[in-house]
Protein chains: 2
Amino acid sequence: MNAYPLQMLDDWNDLKLVLAVAREGALTRAATSLQIDHSTVYRRLKAVEQRLGTRLFERSPGGDYCPTPAGAQVAAAAERIEAETQTLDRAVSGRDQRLSGRLKVTSSETLAYRMLTPEIARFRAANPGIQVELAVDNRVLSLSRREADIALRPIRPRENELWGRKIADVAWAIYAAKSLAPTDPADPFGGHPVIGWGEEVNNIGAADWVNRSASSERIVFRSSSLVNQFVAVRAGMGAALLPCYLGDGEPDLQRIGYPLSDLRGEMWIVTHSDLRTTARVRAFFDLVGEGLLAKRAMFEGLTDTITDK
Amino acid sequence: MNAYPLQMLDDWNDLKLVLAVAREGALTRAATSLQIDHSTVYRRLKAVEQRLGTRLFERSPGGDYCPTPAGAQVAAAAERIEAETQTLDRAVSGRDQRLSGRLKVTSSETLAYRMLTPEIARFRAANPGIQVELAVDNRVLSLSRREADIALRPIRPRENELWGRKIADVAWAIYAAKSLAPTDPADPFGGHPVIGWGEEVNNIGAADWVNRSASSERIVFRSSSLVNQFVAVRAGMGAALLPCYLGDGEPDLQRIGYPLSDLRGEMWIVTHSDLRTTARVRAFFDLVGEGLLAKRAMFEGLTDTITDK
DNA sequence: AAGCGGGCTTGCATGCCTGCAATGAATGCC
DNA sequence: GGCATTCATTGCAGGCATGCAAGCCCGCTT
């Protein structure tokens, strides 16, 4: 004579499962997103539908799982629950005072390539208990969804649930290999062939500038990766617009002209405000933040002799 | 280089676990409420706290688990999630068009004793695929929390998330054993000793009436169970106020006086509005509802010869 | 003070769930 | 038209969480 509710959904993980299938539209993709096997998804979904007595997805041949009204309803609820757990996850992590555990950092390619790795090495030496995971990704990973704990970004964060500090201004300049003799001092690119961004790249200040300043036929090599552009410059392929912290550190390169005053960006180190009290996040902010701050001159293009004139 | 969020709470059932422990305040009780073993709760909670890096409960000796701020936060979120799943559970059950599965019905003691069981037998015969579970409980089980699918209640439902139909008015009268000779025709209890409710019973119309109408010393036997009172009447212990559907069916009893016009109640069959489209709920409403409706005269006290005068 | 009882903690064997791998089916592409 | 790819489905073996049972600690009672 118990009064316990008769729950069909007594396993809350089933909701997660349904959500994943609804999002991905296929068992296999849902499985990879959940980091479990296809067959498990298949069997558990079957069990859930049987228990509920309702079909949650319409199976099209070719493996297309389209949610039924019931399935959509379940997925919607699961989505709300997911948001709840994400908030909770950050909140409880904010109480974590251990200097151990995982720490996921994301940054742009170039920053990782030139500036960040030595700082992380220092951090690791000081905090051997913390496993650092560096996600180099030119996409902006979501700190709210906890795709990373800390981001190093070339833009000032707008969302006010984020929290961070400015590292430095970022100066940009044109670079070419020293072995390449300038042919036209009046041209911003020194008369060299130009290395630029992919045609499809928009809304990035540097890419827009290059597209405006060099005619399409001058651009002999395009890459959406700044590191690739950098390598191309070093190989003497032409001139490219690079952040000074990337170009100045390379002895074989030289600047063509001064840093471009209208391209100054800002480098920020950012976390979610819920995580700023987490011990390992704070430690990273302190150590790496200070380390990068010490290299401020590098970011701002003040180390090169040209600017000293 | 995955961009998957780093979730500490990747197992949503952990939230359920924490909620249960927070609610019960002890591992053992939490375990029974979850219908799993103590040791499992112990180990899983330990694992969760370790993964989160935060203590969720303060252990007092003597086994008192008091939530820390973090634990309270988790429990609060879990509570919201629970509400979400309960809503969802009803919603998806509302789509269940099978005439199979479980069906939990709750009713008062007396109704089950006298009227309901034969109806359920009829229902079972008509729907052999449905397992009926009858929770006889004088507490009002929550249909919203899905402690039952269907309730038979002696009061008109107030909450507008509930849905139901009125079966009949319920008449009450004083009954005594036929073997007991009435001593005082002017007294509502015929001069007999009185059988009444426990002193602590309030807010039940019948109980209040008896307490008002009979002095405390006249009441020779008290029980919070109407069925017990009924048995006592049958044993010749005295007179009691009983619903007519309970008293009239018993050949050894006789009414003392007419049904009390100021105690007419209403018998309702009720479900959650989300469940009214569920096939097995609808079937129960149709079959049992009709069956009880056919016995309306019994509820309204119209079968006894006294009222025919 | 000693016995008792409730609740937490831990070792051990079982069983279920999971991952793996093979099979089958369907679509798109060359 | 055949091949390659993607996805669903099912048999099978291993591992991990679970339940069971015993041990332990603490507070309460007599």
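On a predicted model such as this, the values are computed, not experimentally measured, just so you know. Reckoned from all heavy atoms, side chains included, excluding hydrogens, waters and symmetry mates.
D/dG19 atom C1' lies 14 Å from atom CD of B/Gln35, rounded to whole Å. The separation between B/Leu17 atom CG and D/dT18 atom C1' is 13 Å, rounded to whole Å. When rounded to the nearest whole Å, the span between CG of B/Leu45 and P of C/dT10 equals 13 Å. Spacing between atom CG of B/Leu34 and atom P of D/dG19 amounts to 10 Å, rounded to whole angstrom units. Atom CG of A/Asp11 and atom C1' of C/dC16 are 13 Å apart (whole Å). As rounded to whole Å, 13 Å separates atom C1' of C/dC17 from atom CG of A/Asp14. Atom NE2 of B/His38 and atom C1' of D/dA21 are 10 Å apart (whole Å). The interatomic distance linking B/Tyr42 (OH) with C/dT9 (P) rounds to 4 Å, in whole Å.
Residue B/Ser39 places none of its side-chain N or O atoms closer than 4.0 Å to OP1 or OP2 of C/dT9. Note on A/Thr28: every side-chain N or O is 4.0 Å or more away from OP1 and OP2 of D/dT6. Between B/Arg29 and C/dG7 there is a side-chain N or O to OP1 or OP2 distance below 4.0 Å. The phosphate of D/dT18 (OP1 or OP2) has a side-chain N or O of B/Arg44 nearer than 4.0 angstrom. At the phosphate of C/dT10, OP1 or OP2 sits under 4.0 Å from a side-chain N or O atom of B/Lys46.
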Report task. Output, in order, the C-alpha distance, side-chain angles, deciding distance and verdict of salt bridge (Lys or Arg N to Asp or Glu O under 4.0 Å) for A/Lys16 and A/Glu82. Result -> CA-CA 8 Å; A/Lys16 226 171 106 175; A/Glu82 186 192 51; over 6 Å; no

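Counting only heavy atoms from C-beta on, A/Asp37 has its side chain closest to C/dC20 among D/dT9, C/dT9, C/dC20.
At a cut-off of 3.5 angstrom, counting only N and O atoms as typed in the model, there is a donor on one side and an acceptor on the other between the side-chain of A/Arg43 and the base of C/dG19.
Here B/Lys104 does not pair with B/Glu147 in a salt bridge; the nearest charged N to carboxylate O distance is not below 4.0 Å. We find that A/Arg276 and A/Asp149 are not joined by a salt bridge, their nearest charged nitrogen and carboxylate oxygen being 4.0 Å or further apart.
For the pairing with A/His272, the side chain to side chain donor-acceptor pair (under 3.5 Å) check across A/Glu159, A/Arg90, A/Arg146 returns one residue only, A/Arg90. Exactly one of A/Glu24, A/Arg23, A/His38 qualifies for a side-chain contact (heavy atoms from CB on, under 4.5 Å) with A/Arg29. That residue is A/Glu24.
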